[in-house]
Every structure is written in C-alpha cells, then in structure tokens.
Trainee: 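Dropping the structure in here first, questions after.
Each ligand, and each atom within it, is numbered from 1 in the order the structure gives.
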Amino acid sequence: MLSVLARAASRLGVGVPSHLVRPVVGLQLSIRSTAHQEGLPKLPVPPLKQTCERYLAMLEPLVTEEELEHTRALVAEFLRCGGVGERLQRGLERRARKTENWLSEWWMQSAYLDSRMPVAVYTSPGVVLPQMHFQDRQGQMRFAAKLIAGVLDFKQMIDNETLPVEYLGGKPLCMDQYYQVLTSCRIPGPKKDTMVNYGTGKMPSTHITVVHNFQFFVLDVYNSDGTPLTVDQIYMQLEKIWNSSLQTNKEPIGILTSNHRNTWGKAYNNLIKDKTNKESVRAIQKSIFLVCLDAPMPRVSEDIYYSKVAAQMLHGGGSRWNSGNRWFDKTLQFIVGEDGSCGLTYEHAPAEGPPIVFLVDHVVEYMKRTEMVRAPMIPLPMPQKLRFNITPEIKKDIEKAKQNLNIMVHDLDVRVLNFSHYGRKCLKSFKTSPDAFIQMALQLAYYRMYKMCCPTYESASLRMFKLGRTEAIRTTSTESVKFVQAMDDQSKQNSEKMALLENAVKAHRTYTHTAIHGQAIDRHLLGLKMQGIEDLTSLPEIFMDTSYAVAMHFNLFTSQVGSKTDCVMCIGPMVPDGYGVCYNPMDDHINFAVTAFNSCEDTNATKLSRCLEDALLDMNSLLEQTAKPAE
Ligand code: COA
C-alpha cells in the first residue's frame with residue numbers, strides 16, 4: 001500500500017518524505033468523511049495588497065509601459081483606504097468563513113456550467129492510450145470487458161473509501177473529485193447547465209451505458225448479490241450488444257450533446273418531452289460511465305496516427321465517423337475503437353486530469369493482471385436497448401448539430417509529439433525541475449515562432465485545500481523573457497544563457513509554490529470580481545482595463561498531466577488564436593499534445609510542436625555544454 005502512495009505522489013511529482021507516509025493509509029481509511037478530509041485546510045483569501053503587487057509584476061513582461069502606468073493608477077485607486085477593493089476583500093473573507101471553500105461553487109459555475117461553448121473540444125479533455133492491436137472483433141470486446149472490470153474495481157475503492165490519499169509536497173490532498181467522476185452527468189440548460197450525481201442516493205446506479213453504431217444500451221454490471229460481473233460475463237453481454245446493433249443507419253442522437261450549450265439546452269427540453277426519450281436520457285445520465293465501441297477511424301500514416309487518435313478522443317472525428325457514438329455530457333466516456341485506437345474523454349466540470357489519469361493507471365494495471373474467469377452458467381438478461389422517438393423537430397436538431405460539429409472538427413488542428421530524446425530522469429540528473437524546464441522550452445518555441453512572448457497559463461493543483469481545484473501558474477515572467485531573448489543571441493556566451501535559464505526556472509518554481517499554496521493571483525482576482533457581481537456594485541475599473549484583457553488572453557494554455565501509463569491528455573485552446581498544450585513527462589521521453597484552430601491563420605499545431613522539439617534539443621545541448629564536471 002505504501003508503494004501505491006509513493007507512486008501516487010511521484011505521479012504528482014513529489015517525493016513523499018518517509019515520515020509522512022503514514023501507515024494509516026490503506027485498509028479501511030475513510031478518505032471522505034473522516035479526519036483526513038475534515039482536517040484539510042481551507043483555501044485562504046490572499047492579502048489584497050499582495051495580489052495587487054503580484055498582478056502588476058505579472059503584467060510587466062506582457063503590456064506596454066504606458067498600459068502598465070495606467071493600470072498602476074487603477075490599482076492604487078482600487079487599493080485606496082476604505083475603497084472598493086477593501087470592501088470586496090471583506091466580502092470574500094466573510095464568504096470564506098461561511099463556506100467550506102469560498103471559490104469552489106463560483107469556479108464550477110463560471111469556468112464550466114455558465115459556459116455556452118460546446119463541451120467537446122472547448123472544455124472536455126481527451127486522453128490517448130497506446131494503440132491496441134486487436135486481431136479480431138473478439139479482441140476489441142475482450143479489451144473493453146477488462147477495461148470495464150478495471151473501472152469497477154476502482155469504483156470499489158471509492159465505495160469502500162479505501163482509495164489511498166494522495167500527497168503533494170508532503171501534504172495530503174483533497175480526494176473529493178474522485179467522488180464526482182462516476183455516476184455523474186452534466187445537464188444542459190438554455191442559459192446555464194447543472195451537474196447531477198447519482199452515486200450517493202439510497203439506490204446507487206448499477207449499470208453502465210454502452211454505445212455502438214450510435215445505439216445506446218443499458219448494461220447492468222452487478223449480479224443480484226451485489227458482486228460485479230466477471231470479465232467473462234461482461235464480454236458475453238458486450239457480444240450481445242454488438243450483435244443487436246449491427247445496423248448502421250441509426251440517427252446519431254448523441255451528436256446533440258456536442259452542440260453549443262444554449263442550442264442543446266433547447267433541443268434537450270424538446271427531446272425529453274417524449275416519455276420514452278426522457279427515460280432513455282435518464283438511463284444514460286444515471287449510468288456509472290459510458291463505453292463507446294467505435295468504428296475504425298479513417299486510415300492515416302504512422303506519423304500522424306496519434307494526432308488522429310487525439311482528435312478522435314476530443315470530438316469523435318465528425319458525424320460520418322464516431323461523433324454520434326458519444327454522450328458528451330457524461331463525465332467519463334471510455335473509447336475502444338475496432339482498429340485499436342483507445343482512450344477516453346471526460347466532461348471537465350467535476351474534476352481535473354490527475355484523478356482521471358490515476359484511475360486510468362489503476363485500470364491499465366488491473367488489465368495486465370486480469371485473466372478471463374469462467375462465468376457462472378446462469379444466463380444474464382439481454383442488455384436493454386434505449387429507444388428514442390425521433391420527431392421531425394428532433395431530426396432537424398440532429399442535422400443542425402451535425403453541421404456545427406463538422407465545422408468544429410475541421411477547425412481543430414491537433415498534433416501529438418512523442419519527444420523521444422530524453423525525459424524526466426535526464427532533467428532531474430541535471431538538477432533541474434522537469435516541469436519548469438518544459439515550460440521554458442514552450443516559451444522558447446513560441447518566441448521563435450512569433451518573436452514575442454504571450455500570456456501563458458499552466459494548471460496548478462489547489463487540492464491541498466478542502467474542495468480545491470486549480471490555480472493558474474503564469475509562466476511568462478521577466479526572467480523567462482530574458483532567457484528566450486538570449487537563447488538565440490550570438491553575442492551571448494553559453495554560460496550567460498545557462499544562468500538566464502536557471503533564473504527563469506527558479507522564477508517558475510517560485511510561482512508554482514505560490515500557486516499550489518493558494519497565494520497566486522488569478523483565483524483571487526476572480527473572487528473579487530464575483531464578489532462585486534454578487535454585491536451588485538459596478539465592476540471595478542481594474543477589470544475593464546486593457547491590461548486585464550491582455551493578461552486574461554492566454555495564447556498558451558498548458559497543463560502537465562503525469563501518469564504511469566504511456567498516455568497523453570489533450571485539451572483545446574482557450575482562445576481563438578491560441579494553443580492548448582498538454583504533456584506527460586515520462587522517465588525517458590515526453591508525450592505532448594498540441595492543439596490550435598485552423599480558422600486562425602497565425603497558429604499551427606505542427607509548427608509549434610516542431611519548434612518545441614527544437615527548443616527541447618537546444619536547451620538540452622546548453623545543459624550538456626555548461627554542465628559542471630562531477631566532483
Ligand atoms: N533537481 C532534481 N530534481 C528535481 C528538481 C531539481 N532541481 N526540481 C524538481 N525535481 C523533481 C521533483 O522532486 C519531482 O521528483 P519525483 O518525480 O521523484 O517526485 C520531479 O522532479 C517533478 O517535479 P517538477 O517537474 O518540478 O514538477 P512538479 O511535480 O512539482 O509539478 C505541477 C508541478 C505544477 C505540474 C504540479 O504541482 C501540479 O499542480 N500538478 C497538477 C496539475 C493539474 O491539475 N493539471 C490538470 C489540469 S486538467
């Protein structure tokens with residue numbers, strides 16, 4: 001069990017000091033209701049003056065001196081004794097005293113449920129797993145059956161509250177997100193969405209949803225005595241589903257869930273007017289998770305295979321391919337393609353990437369050790385096929401959703417880069433932080449492409465705090481700018497470049513520390529803004545300032561999601577002229593997924609990933625050339 005904990009912590013990039021690896025972790029430690037969860041500190045409200053000073057420092061490399069001067073004046077006014085800043089800060093502190101986490105509800109609303117963009121591509125990440133080489137359809141079914149059994153095995157740890165507590169920097173993390181990812185679903189609304197979780201009631205769900213050829217099935221995954229079905233049993237049930245969904249001319253009802261949320265919200269209300277449709281939708285929403293048995297993707301050359309799979313995970317490939325084989329509102333959807341393309345997509349509102357990949361790591365380990373167990377001879381009932389009555393109006397909604405989705409599919413530019421020259425181990429041997437080094441390589445790649453730096457977001461975990469989610473690490477700093485400018489400057493010596501790289505890495509580590517300890521600026525600024533909205537006061541001018549708009553326009557939206565499994569997460573860009581970059585630093589290589597929009601002439605995912613590869617190679621040469629001889 002200790003090794004599980006150490007692995008979990010090492011995935012999060014922290015060594016667990018031996019005195020913190022407490023033997024209580026394991027057997028019956030309740031991770032939710034007991035001392036662990038209750039003992040977590042509350043998310044602090046940082047001091048107002050500190051945030052304002054850090055805000056101005058963050059702006060320095062991003063805005064002009066004139067803009068900065070203007071912002072300084074606005075900040076001074078905001079901070080004025082007895083002014084609006086003080087009032088909002090007091091409101092926030094009051095809220096912090098009264099709630100478990102002053103931010104979590106606002107964050108869920110503002111970052112996810114209020115957003116009207118489609119969840120596919122815009123907020124739901126995809127995870128690309130290594131390609132499987134199925135010999136036949138049975139191979140695909142066997143893989144899917146084992147995968148389902150693996151997720152149920154993980155669920156058991158959640159249900160029994162025996163999941164080992166994760167640690168970051170020696171501190172225990174909030175485990176609440178693990179309770180939100182199974183048996184939950186997002187419900188569209190015409191103005192805003194809601195989340196439902198069916199995992200906690202008196203009658204917890206006992207079924208999953210399986211979708212094949214756009215047809216949805218309820219698959220009960222527990223026997224009447226409460227034991228989970230064996231891999232053999234699941235396999236036989238999947239076979240039945242496959243055989244009764246061979247027709248390929250079905251309406252791709254699931255494609256409705258890929259639409260803009262207002263449009264889907266309206267279509268949803270129309271769809272569930274019909275009793276049968278309502279029951280079918282409820283069955284999907286209530287299911288523990290979804291498994292998509294996908295048709296093969298179009299064949300592509302080996303060098304872009306994983307890029308295609310990443311796109312497949314993000315949006316399903318379009319209405320002619322697998323996009324109708326999804327229910328994008330569902331929190332967890334595992335995807336098993338006939339051609340061996342595998343992975344998952346998840347709806348982001350209830351959880352971040354790390355708990356999802358921790359689950360994936362568990363499932364992958366489970367699948368390695370599980371052999372088919374002979375099923376008991378008791379025949380199981382046929383999984384129930386979910387029926388939909390398609391009225392002309394629903395048909396019209398589906399056609400519109402298809403059109404919108406296909407536009408989105410054509411617009412998304414995805415490139416997976418398997419950087420094979422070195423990984424975490426090598427960077428650690430050079431006594432540098434792999435995460436900060438990779439972030440600097442991204443800064444250099446972007447600078448080489450655009451001859452300028454841009455606002456950059458990296459996700460940092462706030463799970464040291466109760467119900468904590470994420471904070472932004474602002475990678476672009478005065479130090480990072482000096483480094484990228486120097487790197488290609490012929491007049492500079494390597495030793496000077498190296499010193500600038502070290503400074504930039506150090507600045508990044510400092511920001512990371514600030515962020516994970518709840519003292520960074522982005523969530524605090526959001527809180528002050530939300531407090532203003534709640535108080536119905538007019539929005540303070542600092543939020544209507546050009547500098548604020550510039551700072552919030554993240555051309556580089558990045559996230560490290562490390563795992564034991566050789567996989568990579570992918571996310572869409574945050575802004576129309578930006579990039580989404582996810583990476584998984586493994587011991588000896590690094591997996592990257594870069595996305596951009598084709599509709600933006602200035603961005604190009606392939607080009608950025610090439611520049612990134614060059615930057616990583618050049619920076620490694622710099623490390624090697626300036627390495628101090630071993631003493
Ligand atoms: N010399 C030697 N080793 C070093 C080092 C140095 N100077 N600096 C760091 N390392 C080691 C660390 O000890 C760690 O070792 P381990 O693998 O044995 O545990 C390893 O390098 C990784 O550290 P680093 O690369 O610095 O990153 P990190 O683990 O601190 O991660 C974040 C940084 C920001 C990614 C992490 O704190 C975090 O918040 N993760 C969650 C992000 C998230 O939620 N993303 C999902 C959004 S959907």
Trainee: Would you call the rings of Tyr178 and Phe154 parallel, tilted or perpendicular if under 30° counts as parallel and over 60° as perpendicular?
Mentor: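 It falls in the tilted class, 30° to 60°.
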Trainee: With a 4.0 Å cut-off on heavy atoms, is Arg463 touching ligand 1?
Mentor: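 No.
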Trainee: Tell me the contacting part of Ile473 for ligand 1: side chain, backbone, both, or neither, using a 4.0 Å heavy-atom threshold, strictly below.
Mentor: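 Side chain only.
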Trainee: For ligand 1, which atoms, with element, lie under 4.0 Å from some heavy atom of Arg424?
Mentor: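 Those of ligand 1 that fall under 4.0 Å from Arg424 are 16 (P), 17 (O).
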Trainee: Ignoring hydrogens and angles, tell me if any N or O in the side chain of Tyr422 forms a donor-acceptor pair with the backbone of Leu616 under 3.5 Å.
Mentor: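 Pair found, side chain donor or acceptor close to backbone of Leu616.
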Trainee: Which ligand 1 atoms, with their elements, are less than 4.0 angstrom from a heavy-atom of Glu458?
Mentor: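 Counting from 1, the qualifying ligand atoms are 34 (C), 35 (C).
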Trainee: Show, in sequence, the C-alpha distance, side-chain angles and deciding distance for Arg186 and Asp193, and conclude whether the salt bridge (Lys or Arg N to Asp or Glu O under 4.0 Å) test is met.
Mentor: CA-CA 7 Å; Arg186 184 164 166 158; Asp193 295 357; 2.8 Å; yes
Trainee: Closer than 4.0 Å to some heavy atom of Pro434 - which atoms of ligand 1 meet that?
Mentor: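 In order of number, 21 (O), 24 (P), 25 (O).
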Trainee: Name the option, out of Lys428, Lys425, Lys506, that contains the heavy atom nearest to atom 15 (O) of ligand 1.
Mentor: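 Of the listed residues, Lys428 has the closest heavy atom.
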Trainee: Would the distance check show the side chain of Asp361 and the main-chain N or O of Lys564 forming a donor-acceptor pair, the cut-off being under 3.5 Å?
Mentor: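 Yes; at least one donor-acceptor contact below 3.5 Å.
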Trainee: Determine whether the aromatic ring centres of Phe597 and Tyr122 lie less than 6.0 Å apart.
Mentor: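 Yes, they do, as the ring centres are separated by less than 6.0 Å.
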Trainee: Considering residues at least two apart in sequence or located in another chain, which fulfil the side-chain contact (heavy atoms from CB on, under 4.5 Å) criterion with Asp413?
Mentor: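 Scan of Asp413 (side-chain contact (heavy atoms from CB on, under 4.5 Å), adjacent residues dropped) gives Ala596, Asn598, Asn604, Ala605.
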Trainee: At less than 4.0 angstrom from any non-hydrogen atom of Ala460, what atoms of ligand 1 do you find?
Mentor: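 Matching atoms, with element in brackets: 39 (O).
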Trainee: Specify side chain, backbone, both or neither for Pro354, according to which of its non-hydrogen atoms lie closer than 4.0 Å to ligand 1.
Mentor: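 It is the side chain that gets close, since no backbone atom is under 4.0 Å.
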Trainee: Are any of the N/O atoms on Glu352, whether in the backbone or the side chain, positioned under 3.5 angstrom from an N/O atom of ligand 1?
Mentor: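 No, since none of the N or O atoms of Glu352 sits under 3.5 Å from an N or O of ligand 1.
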Trainee: Any atoms of ligand 1 less than 4.0 Å from a non-hydrogen atom of Ser559? List them with their elements.
Mentor: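 Near Ser559, the atoms of ligand 1 are 45 (N), 46 (C), 47 (C).
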Trainee: Just jot down the side-chain contact (heavy atoms from CB on, under 4.5 Å) partners of Glu53, sequence neighbours excluded, or say none.
Mentor: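 Per chain and number, Glu53 pairs via side-chain contact (heavy atoms from CB on, under 4.5 Å) with Lys49.
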Trainee: What atoms of ligand 1 come closer than 4.0 angstrom to any heavy atom of Lys431?
Mentor: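 Under 4.0 Å from Lys431, ligand 1 has these atoms: 1 (N), 2 (C), 6 (C), 7 (N).
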Trainee: With a cut-off of 4.0 Å, which atoms of ligand 1 are near a heavy atom of His348?
Mentor: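 So the answer, numbered in order with elements, is 48 (S).
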Trainee: Hey, does Asp435 come in under 3.5 Å of ligand 1, counting only N/O atoms on both sides?
Mentor: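 In this structure, Asp435 places an N or O atom under 3.5 Å from an N or O of ligand 1.
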Trainee: Contact between Arg326 and Ser258 at the side-chain level, heavy atoms closer than 4.5 Å - yes or no?
Mentor: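 Arg326 does not reach Ser258 side chain to side chain.
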Trainee: Hey, mind stepping through Glu365 and Lys368 against salt bridge (Lys or Arg N to Asp or Glu O under 4.0 Å) and telling me if it holds?
Mentor: CA-CA 5 Å; Glu365 278 303 309; Lys368 278 185 204 155; 3.0 Å; yes
Trainee: Are any of the N or O atoms of Ser461 closer than 3.5 Å to those of ligand 1?
Mentor: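 Such a contact does occur with ligand 1.
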